[in-house]
Amino acid sequence: MGMLTVDEARAALLAGATPLAETESVATLAATGRVLAADQFSTVEVPPLDNTSMDGYAVRVADCASGEARLAIAQRIAAGTIGAPLAPGTAARIFTGAPLPPGADAVVMQEMCGVEGDQVVVRHKPRTGEWIRRAGEDIRAGSRILARGARLTPQACGLAASVGLAQLPVYRRLRVAVFFTGNELVMPGEPLPQGAIYNSNRFTITGILQRLGCEVVDLGIVPDSPDATREAFRRAAALADLIVTSGGMSVGEEDHVKSAVEAEGRLEMWKIAVKPGKPLAFGRVGGAAFIGLPGNPVSLFVTALVFVRPFILRAQGVADVEPQTLPLRADFDWPKPDARREFLRVKLNAGGGLDLYPNQGSAVLTSAVWADGFVDNPERHPIARGDTVQFLPLAALLG
């Protein structure tokens with residue numbers, strides 16, 4: 001099998017991402033990050049009544065035509081209070097958010113007024129509607145406020161709350177089982193024998209999955225043996241919707257993931273024309289989907305965001321899984337591009353351009369911590385200082 005392009009691999013992954021059918025109702029206060037399972041509509045107008053957007057005085061425009069009107073202060077209206085009808089020749093002291101009293105057709109901000117005893121001097125000729133927010137100007141009753149398949153942001157939950165929605169229907173969380181192959185792996189806090197390494201990938205991928213709203217089932221480190229690897233896949237398939245592994249996808253004698261997937265399920269692809277991250281696999285084991293990530297730390301980080309992220313979002317019911325790229329200036333040279341599509345670690349600089357991390361090696365995890373994002377660089381595409389490149393912000397990929 002030849003190498004697939006990044007776009008071919010992503011298309012194949014998304015085609016295999018069956019959206020979850022199960023839904024649940026959660027409190028709107030706890031719904032941030034969840035995926036909405038049904039369109040949501042408002043049953044109320046927002047704002048519910050004409051109200052003032054400014055502290056000041058509610059007036060009749062006709063009473064203020066002189067530009068120096070003297071009006072009796074007839075009432076005081078705070079937010080949440082309904083005022084009495086405004087009589088001609090009077091004004092109402094009014095505070096931001098308070099409903100406009102019947103008869104008033106403008107609000108004059110307090111900075112344009114002076115108070116003398118029980119009267120206000122209005123030193124302004126207001127226009128009809130000045131500083132008034134009309135009923136329903138934000139949301140009309142019956143209008144759709146949130147669409148099915150949206151990943152709920154804090155502001156989306158605030159919008160739902162603003163129309164009185166205390167509960168929201170969401171898809172259940174995707175269950176993702178992870179395990180990590182390699183006899184050389186040990187956990188932080190354990191002694192580090194000669195030739196061993198700490199298992200950083202366990203922390204990286206678990207953190208990414210949690211940021212994506214998944215329920216993570218961590219099966220830990222699996223020894224490099226065919227039987228242990230096959231048993232790990234059987235356990236994972238019984239527990240999860242998706243299995244994600246790290247390492248073991250090459251063809252060496254101690255790389256058993258590929259053969260274990262083929263024995264327990266089916267493997268649909270495993271070589272991607274991407275750098276870093278060439279050894280990547282997709283398939284199925286039992287009822288669970290499988291994505292096998294490379295073992296090098298940066299390769300795992302990049303491929304998790306480029307391939308696993310859209311798969312998970314689509315499986316969770318998200319309609320739009322494509323991250324937005326930004327055209328920015330490269331403040332570096334990249335004269336010898338790879339034949340594979342590259343994701344270069346870069347950082348925004350004070351001049352609005354992008355700086356390149358000097359060591360783009362697939363094991364240099366410091367580059368992923370330093371970086372603000374990736375330059376998505378096409379195959380065999382050299383970059384000269386000053387060129388416009390496509391920037392993928394990590395804030396969007398990890399949000």
**Message:** Between Arg341 and Glu379, does any NZ, NE, NH1 or NH2 come within less than 4.0 Å of an OD or OE carboxylate oxygen?
**Reply:** no
**Asked** Does Asn183 offer a backbone N or O that forms a donor-acceptor pair with the side chain of Asp224 under 3.5 Å?
**Response** yes
**Asked** Between Arg202 (side chain) and Met187 (backbone), is there a donor-acceptor pair under 3.5 Å?
**Response** no
**Prompt:** Any chance the rings of Phe233 and Phe290 have centres within less than 6.0 Å?
**Reply:** yes
**Request:** Search all heavy atoms of Ala288 against all heavy atoms of Leu242 and return the closest pair with its distance.
**Result:** CB-N, 4.3 Å
**Message:** Check this for me, if you would: do Glu231 and Arg235 make a salt bridge, where the nitrogen-to-carboxylate-oxygen distance has to be below 4.0 angstrom?
**Reply:** no
**Request:** Could you tell me whether Arg172 and Glu215 have a side-chain N and a carboxylate O separated by less than 4.0 Å?
**Result:** no
**Message:** For the residue pair Arg93 and Tyr57, would you count it as a cation-pi contact if the rule is NZ or CZ under 6.0 angstrom from the ring centre and within 45 degrees of the ring axis?
**Reply:** yes
**Under 3.5 Å donor-acceptor, Arg314 side chain and Leu14 backbone** = no
**Request:** Considering only NZ, NE, NH1 and NH2 on the basic side and carboxylate oxygens on the acidic side, decide whether Glu45 and Arg140 come within less than 4.0 Å.
**Result:** yes
**Prompt:** Sub-3.5 Å donor-acceptor pair from the side chain of Thr204 to the main-chain atoms of Phe301, do we have one?
**Reply:** no
**Prompt:** Per the side-chain contact (heavy atoms from CB on, under 4.5 Å) rule, which among Pro297, Ser299, Pro294 passes with Ser362?
**Reply:** Ser299
